[in-house]
Amino acid sequence: MKAPDFEYVKVASLDEAFGELERRGESAQIISGGQSLMAMLNLRLAAPGCLVDIGGLPGLGEIRRDGDVVRVGALVTHRQLEESAEIAASVPLLAQAVPHVAHLAIRNAGTIGGSLALADPAAEYPAIALALEATIVVQGTGGVRRIAAADYFQGFYRTAREPQEILVGVEFPVRHPNERAHFSELARRRGDYAMVGLAALLRFDAGIVSRARLAFLAVGDRPVLATQAMAALQGRALDAQATRAAQDALARDLDPGGDLQADPATKKHLARVLLGRALDHLRQTA
Ligand SMILES: Cc1cc2nc3c(=O)[nH]c(=O)nc-3n(C[C@H](O)[C@H](O)[C@H](O)COP(=O)(O)OP(=O)(O)OC[C@H]3O[C@@H](n4cnc5c(N)ncnc54)[C@H](O)[C@@H]3O)c2cc1C
């Protein structure tokens, strides 16, 4: 199939983009890398009257450390993240996840802003943002809003961003020296969307888990924080009993629906396996 007809405007500034969005109302849609949207158009899952292209806007394509935070512009591509020494050093959980996003050709053009705006529950970055307690930055004519990841993802492809707002960046906290990160996922083929994935972050103080963040992808209508499994690890040494306790608690955290990839029981089983593997890995590297 081919995309339906649409108008196309390439804007030169955020103000111009806001103007187009306001003037055209619901018929306008932002396009960044086009790696999700063009497929949706070709499949006729979307039919905007006009694409407002923000690709190339100055100031949105940078990765910059600012004290305890790494600011990533919305137009930073997956590939830029993959090649960034700053991301590898300061946000290793994100660095580990990027190679799992699609294929190289898609990573060359697709952007972190596009992924977080789309909020596919099987995508990697929403779970990373939730695990790391990142802040999503959106901007509209009313100014800038900074939204905690926990409040930003609101449902199936639904976020706290208003339609007239543009996602302009995301802020990740710089890793704590005692923190260990592990990202893993199970996909049918490398580069496919995951059947289940896990972004895991543990902080250790004198061998004891002092903070645990476990965010799963592809097990619900948005990224899911496994709060009971996190609580089961808190204040304990990361031994085999702690791992089993977290895996048992995880059964109460997750209530996945089935999808084209796997039924609910399979997803729960795969999530338990991923958690066990992640904790084994983190124990060995702690
Ligand atoms: C074969 C294939 C496999 C893929 N596999 C994966 C995968 O495993 N994991 C994964 O995470 N992704 C995957 N993707 C999606 C890919 O990562 C996209 O790059 C990403 O989801 C969207 O980024 P984009 O810049 O291309 O956004 P676009 O396609 O340009 O836009 C996507 C949506 O976000 C909106 N949007 C874009 N930018 C902004 C912004 N700054 N502010 C507000 N709204 C905005 C658009 O209006 C649109 O609704 C895959 C895609 C394909 C085609």
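Just so we're clear, the structure is a prediction, and the values are computed from it rather than from any experiment. Reckoned from all heavy atoms, side chains included, excluding hydrogens, waters and symmetry mates. Every number for a ligand or one of its atoms is a count from 1 in the order of the listing.
In this structure, atom 26 (O) of ligand 1 lies nearest to the protein heavy atom Q35 N, 2.7 Å. Distance from atom 28 (P) of ligand 1 to its nearest protein heavy atom, with residue and atom name: G34 N, 3.5 Å. Looking from atom 46 (C) of ligand 1 to the surrounding protein, the closest heavy atom is I30 O, 3.1 Å. The nearest heavy-atom contact from the protein to atom 4 (C) of ligand 1 is A102 CB, 3.4 Å. In terms of protein heavy atoms, atom 11 (O) of ligand 1 is closest to E124 OE1, 3.0 Å. Protein heavy atom nearest atom 36 (N) of ligand 1, with residue, atom name and distance: A117 CB, 3.7 Å. The closest protein non-hydrogen atom to atom 52 (C) of ligand 1 is I106 CD1, 3.4 Å.
Listed by number with element, the atoms of ligand 1 under 4.0 angstrom from any heavy atom of Q29 are 47 (O), 48 (C), 49 (O). The I54 neighbourhood of ligand 1 comprises atoms 41 (N), with distances under 4.0 Å to a heavy atom of that residue. Every atom of ligand 1 with a heavy atom of I31 under 4.0 Å away is listed here by number and element: 30 (O). Annotation for ligand 1: atoms under 4.0 Å from non-hydrogen atoms of D192 are 8 (O). Ligand-side atoms of ligand 1 in range of G191: 5 (N), 8 (O), range being under 4.0 angstrom from any heavy atom. Atoms of ligand 1 found under 4.0 Å from any heavy atom of A123 (numbered from 1 in listed order, with element): 11 (O). Listed by atom number, the atoms of ligand 1 under 4.0 Å from H100 heavy atoms are 8 (O).
A search for ring-ring contact (aromatic ring centres under 6.0 Å, His included) contacts involving H176 returns nothing, not counting sequence neighbours.
Using a 4.5 Å cut-off on side-chain heavy atoms (C-beta onward), F216 and L225 make no contact. The closest side-chain heavy-atom distance from V168 to V138 is not below 4.5 Å.
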Donor-acceptor list for residues 121-134 side chains, cut-off 3.5 Å, not counting sequence neighbours:
unit_1: Y125; atom_1: OH; unit_2: H78; atom_2: ND1; d: 2.9
unit_1: E133; atom_1: OE1; unit_2: R211; atom_2: NH2; d: 2.4

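A salt bridge links R24 with E20: the distance from a Lys NZ or Arg NE/NH1/NH2 to an Asp or Glu carboxylate oxygen falls below 4.0 Å.
Sparse packing is recorded around NE2 of H269, with 12 or fewer heavy atoms of other residues, nucleotides or ligands lying under 6.0 Å away.
With hydrogens and angles disregarded, a donor-acceptor distance shorter than 3.5 Å links the side chain of R107 to the backbone of P99.
Of the candidates G113, G114, G55, it is G114 that places a heavy atom closest to atom 32 (C) of ligand 1.
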